[in-house]
Amino acid sequence: MALKLALLATLLVSATVAFPELRNPVKMTPIAKKMLEAYPIPEVPKDYDRSQSRSIGTMFRTRVDHFNPQNRDTFEFQYYSNDEYYQPGGPIFIFVGGNWPVEQYYIEHGHFHDIAYYENAWLFANEHRYYGSSLPVEDLSTPNLRFLTVEQALVDLGELIYHIRHNVVRDDNARVILLGVGYAGAIATWMRQRYPHLVDGSWVSSGQVDARFDFGQHAVEVGGLIRDHGNDECYSQIWRAFRTAEALLDAGRTETVSELFNTCSPIDEENMLDVETFFFSIKEAIQTEVLSEQNVVYTDRLCQTLNNSTESTDLQTLANWVHDHFYFLDCMPFDFESSTEIHSIVDVDAIENRILGLRQRYYQFCTEFGWFLTADSADQPFGYRITMYLFSNFCKAVYGEWLTAEVVADGVHLTNMHFGGKDPRIANVLFTNGGLDPVRDISITDADLNSISGYNSPELLAAKKQIHDYIVSWLYEPVVPIEEN
């Protein structure tokens with residue numbers, strides 16, 4: 001176990017692209033990176049130089065628990081401000097923080113930033129409680145995670161908007177537009193729903209607004225990307241490799257599979273948690289490649305590698321690709337204990353938490369959202385051994401026996417009941433989803449976040465223009481005067 005955890009720690013240090021102190025990243029194992037690659041997060045170019053940022057970082061103090069008047073504890077969360085285009089009377093644009101450290105790139109670059117230039121907006125970006133440096137507790141033990149809820153985060157942002165209007169921009173009538181990506185897109189949606197007096201409109205990119213206990217559709221979508229941007233034979237090779245591995249394990253040939261993939265611990269076919277974790281890890285490695293930078297080139301590269309293999313079996317072909325993918329590993333830590341160990345670290349300063357937010361992310365999934373990436377349907381290539389059994393046991397192993405499947409399902413139900421799921425019934429919210437986005441099934445269905453360029457397709461140019469037009473309509477909605485009799 002010490003060897004496996006050391007390998008995982010090495011991967012975490014070497015893999016993060018979001019912070020300047022962690023240079024020259026390499027791909028990390030899906031055990032550590034699955035939450036970063038499986039769900040959309042705003043990607044920042046590797047050559048972005050934060051030392052040249054003109055944004056000003058500030059801390060905002062608010063209450064740890066907004067719903068208990070007897071708890072007067074407070075904490076500070078970070079936000080950035082960029083007023084380079086602001087003119088008096090202009091609007092407020094906020095890039096909403098999600099389950100990652102605050103990132104000022106998108107208030108200095110990208111389409112939202114460009115619209116701010118045209119509309120004389122003051123740009124802000126906030127950090128979500130419990131992520132990055134915005135921590136209301138001393139450690140991430142399970143009792144201390146009780147303040148990590150979307151309801152608390154909504155009040156945080158609402159108070160920040162009031163503060164910005166009243167004390168920073170000093171214009172209580174300034175219109176407020178939000179941009180949210182992925183989970184932050186859900187925050188932006190629900191802010192407009194809950195606080196229409198504070199938010200005039202929200203642009204939501206790949207917003208995860210529909211909580212889902214079992215998100216098996218994700219594997220179907222990834223399989224579709226492999227067919228569409230690779231080829232049918234590539235899909236079939238993966239399909240056959242997974243089924244072959246399943247058959248070998250069923251037949252008791254565990255040593256064959258363990259040796260092929262060089263697992264750190266021998267696979268025990270009677271330990272279904274280890275079996276499911278093994279298949280989940282391989283699936284996530286493939287998925288990481290397919291979704292890399294939302295670029296079809298990586299899918300084509302994966303499929304060319306598999307198609308051109310001279311190995312006699314598809315399983316050996318896939319095993320070779322896994323070894324190449326994780327060339328920096330001595331063995332593959334694809335077992336349940338390694339997965340739960342890395343999510344059980346409670347130190348707030350650990351890279352796993354402060355930078356990657358692994359323990360925090362999964363706590364929200366286990367208590368409010370679900371979104372567990374199963375693969376147990378017929379219409380996908382990743383076999384039948386990635387089920388809710390794995391994720392239900394994962395939640396209990398990491399956070400405690402109280403977190404049963406019933407508790408998870410209840411949290412998912414309450415989230416959708418509170419916010420409406422895919423039917424939030426609100427106005428002034430624009431949802432955009434990319435064609436390479438496998439989470440669009442839990443959003444409201446290619447506009448991306450980058451600036452308009454000569455490389456954009458006509459369809460993408462039209463979508464970006466439409467985004468700007470919608471925002472303008474929210475900013476300058478005419479006031480209808482009362483007619484006198």
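Here the structure is a predicted model, which means the values were calculated and not measured. We use all heavy atoms of the structure for the numbers below, so side chains are in, but hydrogens, waters and symmetry mates are not.
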Do you know the tightest heavy-atom contact between [X] and [Y]?
| X | Y | answer |
| --- | --- | --- |
| Glu127 | Gly132 | OE2-CA, 3.5 Å |
| Ala245 | Phe279 | CB-CE2, 3.7 Å |
| Val398 | Thr142 | O-OG1, 4.3 Å |
| Val96 | Asn126 | CA-OD1, 3.4 Å |
| Trp371 | Ala211 | NE1-CA, 3.7 Å |
| Gln152 | Thr149 | CG-OG1, 3.0 Å |

[Y] backbone acceptor or donor facing [X] side chain under 3.5 Å:
| X | Y | answer |
| --- | --- | --- |
| Thr74 | Arg61 | no |
| Arg359 | Leu140 | yes |
| Ser338 | Phe334 | no |
| Asp274 | Phe336 | yes |
| Gln237 | Leu306 | yes |
| Asn99 | Arg361 | no |
| His218 | Phe372 | no |
| Trp122 | Ala116 | no |
| Asp210 | Arg212 | no |
| Gln104 | Ser53 | no |

Kindly write out the residues that satisfy side-chain contact (heavy atoms from CB on, under 4.5 Å) with [X], not counting sequence neighbours, or none if the list is empty.
| X | answer |
| --- | --- |
| Asn71 | Asp65, Asn68, Asp73, Phe147 |
| Glu159 | Phe60, Thr62, His66, Val155 |
| Thr254 | Leu249, Glu269 |

Suppose we screen for ring-ring contact (aromatic ring centres under 6.0 Å, His included). Which residues come up paired with [X], at least two apart in sequence or across chains?
| X | result |
| --- | --- |
| Phe213 | none |
| Tyr85 | His113, Tyr117 |
| Tyr80 | none |

Test side-chain hydrogen bond (donor to acceptor under 3.5 Å, both in side chains) applied to Gln360 - qualifying residues, sequence neighbours left out |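 With neighbours one apart ignored, the set is empty.
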Ion pair Arg50/Glu108, N-O distance below 4.0 Å =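 Not counted as a salt bridge, because no side-chain N and carboxylate O are separated by less than 4.0 Å.
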Could you give the distance from OG1 (Thr317) to CD1 (Ile238), rounded to the nearest 0.5 Å?
->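 Thr317 OG1 to Ile238 CD1: 11.0 Å, rounded to 0.5 Å.
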Say you draw a straight line from OG of Ser133 to CD of Gln78; how long is it, rounded to the nearest 0.5 Å?
->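 Separation between the atoms: 4.0 Å.
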Set of residues satisfying salt bridge (charged side-chain N to carboxylate O under 4.0 Å, His left out) with respect to [X], sequence neighbours excluded:
| X | result |
| --- | --- |
| Glu259 | none |
| Arg72 | none |
| Arg129 | Asp156 |
| Asp47 | none |

Is there any side chain to side chain donor-acceptor pair (under 3.5 Å) pair reaching into residues 386-402, and which pairs are they, with sequence neighbours excluded?
->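 The answer is Glu276-Thr387.
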Around atom OH of Tyr162, are there more than 12 heavy atoms of other residues, nucleotides or ligands at under 6.0 Å?
->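 Atom OH in Tyr162 is not packed in, count stays at 12 or less.
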side-chain contact (heavy atoms from CB on, under 4.5 Å) assessment of Phe93 paired with Leu179 | CA-CA 8 Å; Phe93 282 11; Leu179 166 59; over 6 Å; no
Passing candidate, ring pair (Phe, Tyr, Trp, His ring centres under 6.0 Å) with Phe280, options Phe394, Phe391, Phe242 |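 So the option named by the test is Phe391.
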For side-chain contact (heavy atoms from CB on, under 4.5 Å), just list the numbers for Val181 and Tyr106, CA-CA rounded to whole Å, side-chain angles, deciding distance to a tenth of an Å, and then say yes or no.
-> CA-CA 11 Å; Val181 181; Tyr106 283 104; over 6 Å; no
